[in-house]
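Working notes, structure below.
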Number of protein chains: 2
Amino acid sequence: MDNRPVTERRRTLGALLRLPYEALQREVYGGLAARGFPEIRPAHSAVFRHIGPDGARLTALAERAGMTKQSMAYLVDGLEEAGHLRSAPDPNDGRARIVQLTAKGDRVLEALLDLSAEAEARVADRIGKRRAAKLRRALEEWVEAIGAGTG
Amino acid sequence: MDNRPVTERRRTLGALLRLPYEALQREVYGGLAARGFPEIRPAHSAVFRHIGPDGARLTALAERAGMTKQSMAYLVDGLEEAGHLRSAPDPNDGRARIVQLTAKGDRVLEALLDLSAEAEARVADRIGKRRAAKLRRALEEWVEAIGAGTG
DNA sequence: TCCATTCGTCAGTCTATCTGACGATCACTA
DNA sequence: TAGTGATCGTCAGATAGACTGACGAATGGA
């Protein structure tokens, strides 16, 4: 009798996205740790992805990342404590706080982009340059169709 | 000056996997809730994906899912309480417990696969049948190259 | 000048993972 | 066959990362 779990027969598209995604995360955050930033966890990417060179308000970061300001504050506090961010009161709005990358934070962002590019190059090596390019284009079109922000 | 966050210029492959994955999850688990199973959360898929028609030991489930037995026990307990699983002592091993899907659990698994297939069909509608097929093949090859289990 | 809105924080909750320790049981071997 | 080391599942506790609700301070428009 066939007692294999159903998903061994044909993987769902969800699994086909999840498994590479998790592998990619291990590569990128492992690489970040190897480069001297073991404190950076996947959740922190929400900050690095959305902050921009001139910094941003906490609320703006939260909105761009699609999460509550409380959750974003939790991430920002950790990064600030580790010296990746600095924050200062907004001179134009006494309620607000402008969060910015420090030089150390800049290096993390750079490493993050480097490691992502390297990982993508390794994918191209494994499945072929043409196929990898098609994969990227298909995903870009899908994301476009979803109409997603950067999450 | 250009103050856009870096990731608005070119998305990393990670983001290109994550955004569709999250969209897919919303569709699938939203659909599951609409079909009368609002208690099923994404983490539970680790159980449904790996259990198989004859059931499995807790430890086997944990190992297949790549998590600790304590974590798997947490998921299994929730599903058992909700009537999706039943568990019985293993007649061949006094230490072990065999976990199995109930009829209700079978319906969830069926719905999960249905909804995944529907979501995949919608992707094909949006980005084109050919491109969707290429996307699936590229991802399958990538997963193969990783040598991943089903996670 | 008032009042509704917005900004960030405090407090508490929940989910989903982890580690460490442990009693019960099994399976092998001396 | 008795002893012992490995394995099964559970207990207890910690942590990350998200949430909701409430709130004081500051803003800005009527």
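Residue numbers begin at 1 in each chain, while the letters A, B, ... track the order of the sequences. All values below were derived from every heavy atom in this structure, side-chain atoms included, with hydrogens, water molecules and symmetry-related copies excluded. No experiment lies behind these values; they were computed from the predicted model shown.
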If I compare all heavy atoms of A/Ala111 with all of A/Leu32, which pair ends up nearest, and what's the gap? CB-CD1, 3.6 Å
Which pair of non-hydrogen atoms, one from A/Met72 and one from A/Met67, has the smallest distance, and what is that distance? N-SD, 3.7 Å
Less than 3.5 Å apart, any donor N or O on the side chain of A/Tyr21 or A/Gln25 sitting next to an acceptor on the other? yes
Without decimals, in angstroms, what is the distance between A/Leu61 CG and D/dG17 C1'? 16 Å
Would you mind telling me which of B/Arg86, B/Arg97, B/Lys104 makes a salt bridge (charged side-chain N to carboxylate O under 4.0 Å, His left out) with B/Glu80? B/Arg97
Minimum heavy-atom distance B/Leu139-A/Leu16, with the two atoms named: CD2-O, 3.6 Å
With a 4.0 Å cut-off on N to O distance, would you call A/Arg35 and A/Glu118 a salt bridge? yes
How does protein contact run along nucleotides 9-18 of chain C, one letter per nucleotide 5' to 3', with B for base contact, S for sugar-phosphate only, - for none, heavy atoms under 4.0 Å? BB----SBBB
Between A/Glu63 (CD) and C/dG8 (P), how many Å, whole number? 12 Å
Under 4.0 Å from OP1 or OP2 of D/dC8: is there any side-chain N or O of B/Arg57 that close? yes
Measure CZ/A/Arg95 against C1'/C/dC7 and give the value in whole Å, please. 5 Å
